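What follows is one structure encoded as structure tokens, with my remarks underneath.
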Amino acid sequence: MLQGWRRQQSARFLKESTIGPRLRLIHRLVEFTGSYPWQWTPADGEAFIDYLRSGEQPRAVSTARGYEVAIDMFTDFLLDSRYGWAAVCEERFGRTPQQIFHEGNSIAHRVDYEGDPRRRALTFDEVQALFDTADARPEQIAGRGVKGALSAARDAAALKMIYAFGLRRTETTRLDLADLRRNPKAPQFRDFGVTIVRYGKSSKGAPPKRRSVLLVPQMEWVVDTLDDWLTDLRPRFSPGKHPALWVTERVGRLSPRSINEAFVAVREAAGLDQCLDVHSLRHSYVSHLLEFGYPARFLQEQVGHSHAATTAIYSHVSPEYRNKLLESALRGRLGADWDVTA
């Protein structure tokens, strides 16, 4: 059964990183219930989710729903007459599989965003503190007489690029030198006016999404950062002909995990909120460009979202920005001489 389901998903070109966890989930459910799929009942599914909620590390709502969806997909496969598993189970065991989650015992999807509510965008001051700390780390490490100063300088530049272009961590690590382009409409950005993302987040077995991210004037400061990386810092890694933009000491491609670790190290040194992660920089990019006045459609294209609702989830404008909008609205309605601070 599981091998058949694995082949079905593989035929849809789903990634192993998607297929593997689904198969392991079914194994976990078999172990938890002590029974086979054709013996499962709704009570088994409810007990499994209840167990996940009450453990030492309770699962988030979105995670539990993902489990329910994956289990439903497996039972859908078993019940599909084109594969014949229902008939085989009826013939051999006198029972057929059934859906164990239904409207009455599954998690209702009532809101667009169910992630950790603590995750948020950084404020402008937090971004400044983060990058100031990142810039100071190479000298601090060198002063202690230990290795890692050059890597810290690389990490600072990579984190700045993630924020300046609104990139995902994996997209950043998959960038090559050839993905940095000039923008004829903005020659002042030199060779960094456009970043070509060739390994954007894929979905439902589709190949990676491609997009072009334009550098905006408010992020022009990253031009000097990238120029310094390419002309001074990167050659010190002796990368040879390696095409990757971000390379390691062993002349390999920087990993998403390394970017995570770099962000955490800088965040801790800067004394910032522990709820902030690398992806918060992408949230910050959307939120800050919104405050700069860029339209939502432009932001959606920049970050590669298929739906505007997804971009809206990333938008966390500050109270100051909303007050400015309110002030503008009041001035337009009540007259330019009306003083909202009076």
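Every heavy atom of this structure was used, including side-chain atoms; hydrogens, water molecules and symmetry mates were not. These figures come from a predicted structure and were not determined experimentally.
The only option from His279, His283, His288 that meets the ring pair (Phe, Tyr, Trp, His ring centres under 6.0 Å) definition with Tyr163 turns out to be His288. Of the options Val247, Thr248, Thr172, a side-chain contact (heavy atoms from CB on, under 4.5 Å) to Leu254 is made by Thr248 and by none of the others.
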- request: Please lay out, stage by stage, how Arg6 and Glu16 fare under the test salt bridge (charged side-chain N to carboxylate O under 4.0 Å, His left out).
  value: CA-CA 9 Å; Arg6 185 197 64 78; Glu16 181 57 35; 5.6 Å; no

message: If you apply the rule side-chain contact (heavy atoms from CB on, under 4.5 Å), what do you find for Met161 with Leu180, and how did you get there?
response: CA-CA 12 Å; Met161 186 181 193; Leu180 300 179; 3.7 Å; yes

task: Might you work through the side-chain hydrogen bond (donor to acceptor under 3.5 Å, both in side chains) test for Gln39 and Asp44, ending with a clear yes or no?
output: CA-CA 9 Å; Gln39 299 172 311; Asp44 291 321; over 6 Å; no

Thr170 and Lys201: CA distance, side-chain angles, deciding distance, side-chain hydrogen bond (donor to acceptor under 3.5 Å, both in side chains) verdict: CA-CA 9 Å; Thr170 300; Lys201 186 177 181 180; over 6 Å; no

- request: Tell me, with the steps shown, if Leu25 and Ile71 meet side-chain contact (heavy atoms from CB on, under 4.5 Å).
  value: CA-CA 8 Å; Leu25 174 64; Ile71 293 168; 4.0 Å; yes

- prompt: Hey, mind stepping through Arg198 and Asp176 against salt bridge (charged side-chain N to carboxylate O under 4.0 Å, His left out) and telling me if it holds?
  reply: CA-CA 9 Å; Arg198 293 179 291 117; Asp176 287 343; 3.0 Å; yes

task: Give the C-alpha distance, both sets of side-chain angles, the deciding distance and a yes or no for side-chain contact (heavy atoms from CB on, under 4.5 Å) between Ile100 and Thr41.
output: CA-CA 5 Å; Ile100 63 175; Thr41 66; 5.6 Å; no

- prompt: Taking it one step at a time, do Tyr36 and Met1 satisfy side-chain contact (heavy atoms from CB on, under 4.5 Å)?
  reply: CA-CA 11 Å; Tyr36 294 106; Met1 286 179 175; over 6 Å; no

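With contacts defined as side-chain heavy-atom distances shorter than 4.5 Å, the pair Leu52/Arg28 qualifies. Using a 4.5 Å heavy-atom cutoff, the side chains of Asp232 and Arg236 are in contact. Contact annotation: the side chain of Leu299 never approaches that of His305 to less than 4.5 Å [non-hydrogen atoms, C-beta and beyond]. Contact of the Arg174 side chain with the Val197 side chain is not registered, since no non-hydrogen atoms from C-beta on lie closer than 4.5 Å. Counting only heavy atoms from C-beta outward, the side chains of Asn183 and Phe192 never approach each other to under 4.5 Å. Contact of the Glu90 side chain with the Arg95 side chain is not registered, since no non-hydrogen atoms from C-beta on lie closer than 4.5 Å. Looking only at side-chain heavy atoms (C-beta outward), Ile26 and Arg22 stay at 4.5 Å or farther from each other. A heavy-atom distance below 4.5 Å is found between the side chains of Phe263 and Leu159.
A donor-acceptor contact shorter than 3.5 Å links the side chain of Thr33 to the backbone of Leu29. Looking only at distances, a side-chain donor or acceptor of Ser284 sits under 3.5 Å from a matching main-chain atom of Ser280. With hydrogens and angles disregarded, no donor-acceptor distance shorter than 3.5 Å links the side chain of Gln218 to the backbone of Leu289. For Gln9 (side chain) and Ile19 (main-chain N/O), no donor-acceptor pair under 3.5 Å exists by modelled atom type.
Nearest heavy atoms, Tyr285 versus Ala164: CE1-O, 3.3 Å. Considering every non-hydrogen atom in both Arg59 and Thr63, the closest pair reads CD-CG2, 4.1 Å. Minimum interatomic distance between Ile107 and Ala64 (heavy atoms only, all atoms of both residues): CD1-CB, 3.5 Å. Looking at every heavy atom in both residues, Ala270 comes nearest to Thr133 through CB-OG1, 3.3 Å. Closest approach of Pro138 to Ala153, counting heavy atoms only: CG-N, 3.6 Å. The nearest pair of heavy atoms linking Val222 to Leu215 is CG1-CD1, 3.7 Å.
Within a 6.0 Å radius of CZ in Arg53, other residues, nucleotides and ligands contribute 12 heavy atoms or fewer. Other residues, nucleotides and ligands contribute at most 12 non-hydrogen atoms within 6.0 Å of the OH atom of Tyr51.
One distance of note links CG of Leu214 with CD of Gln302; it measures 5.0 Å at 0.5 Å rounding. For the atom pair CZ of Arg144 and CD of Glu139, the computed distance is 11.5 Å after rounding to the nearest 0.5 Å. Rounding to the nearest 0.5 Å places CZ of Arg65 at 11.5 Å from CG of Asp72. Between the CD1 atom in Ile162 and the CG atom in Leu281 there is a gap of 6.5 Å [rounded to 0.5 Å]. Distance check: Ser212 OG to Phe165 CZ gives 11.5 Å after rounding to the nearest 0.5 Å. Rounding to the nearest 0.5 Å places OG of Ser106 at 10.0 Å from CD of Glu46.
Using a cut-off of 4.0 Å between Lys/Arg side-chain N and Asp/Glu carboxylate O, Lys160 and Asp155 are scored as not salt-bridged. Ionic pairing of Glu126 and Arg120 is present here: one or more N-O contacts between side-chain nitrogen and carboxylate oxygen are shorter than 4.0 angstrom. Checked for salt-bridge contact, Glu171 and Arg211 meet the test: a charged N lies under 4.0 Å from a carboxylate O. Classification of Arg267 and Asp277 as a salt-bridged pair fails, no side-chain N sitting under 4.0 Å from a carboxylate O.
There is no path of hydrophobic side-chain contacts, each under 4.5 Å, that joins Leu175 to Tyr199. Grouping the Ile, Leu, Val, Met, Phe, Trp and Tyr side chains by contacts below 4.5 angstrom, directly or via other members, places Leu167 apart from Val264. In terms of hydrophobic clustering, with Ile, Leu, Val, Met, Phe, Trp and Tyr side chains grouped at heavy-atom distances under 4.5 Å, Leu226 and Leu177 are assigned to a common cluster. Under the 4.5 Å side-chain heavy-atom criterion for ILVMFWY residues, a single connected hydrophobic cluster contains both Ile259 and Leu233. Trp229 and Ile141 sit in two unconnected hydrophobic clusters of ILVMFWY residues. Membership requires side-chain heavy atoms under 4.5 Å apart, directly or through other members.
Relative orientation of the Tyr294 and Phe298 rings is parallel, given thresholds of 30° and 60° on the angle between their planes. Using bins of under 30°, 30° to 60° and over 60° for the plane-to-plane angle, the ring pair Tyr83/Phe77 lands in the tilted bin.
Residue pairs that meet the side chain to side chain donor-acceptor pair (under 3.5 Å) test with at least one member in residues 188-197, sequence neighbours left out, are Arg182-Asp191, Arg190-Asp224.
Ring centroid separation for the pair Phe237 and His242 does not come in under the 6.0 Å cut-off. Ring to ring, Trp85 and Trp38 are not that close: their centroids are 6.0 angstrom or more apart.
For the side-chain hydrogen bond (donor to acceptor under 3.5 Å, both in side chains) test, no residue two or more places apart in sequence or in another chain qualifies with Thr96.
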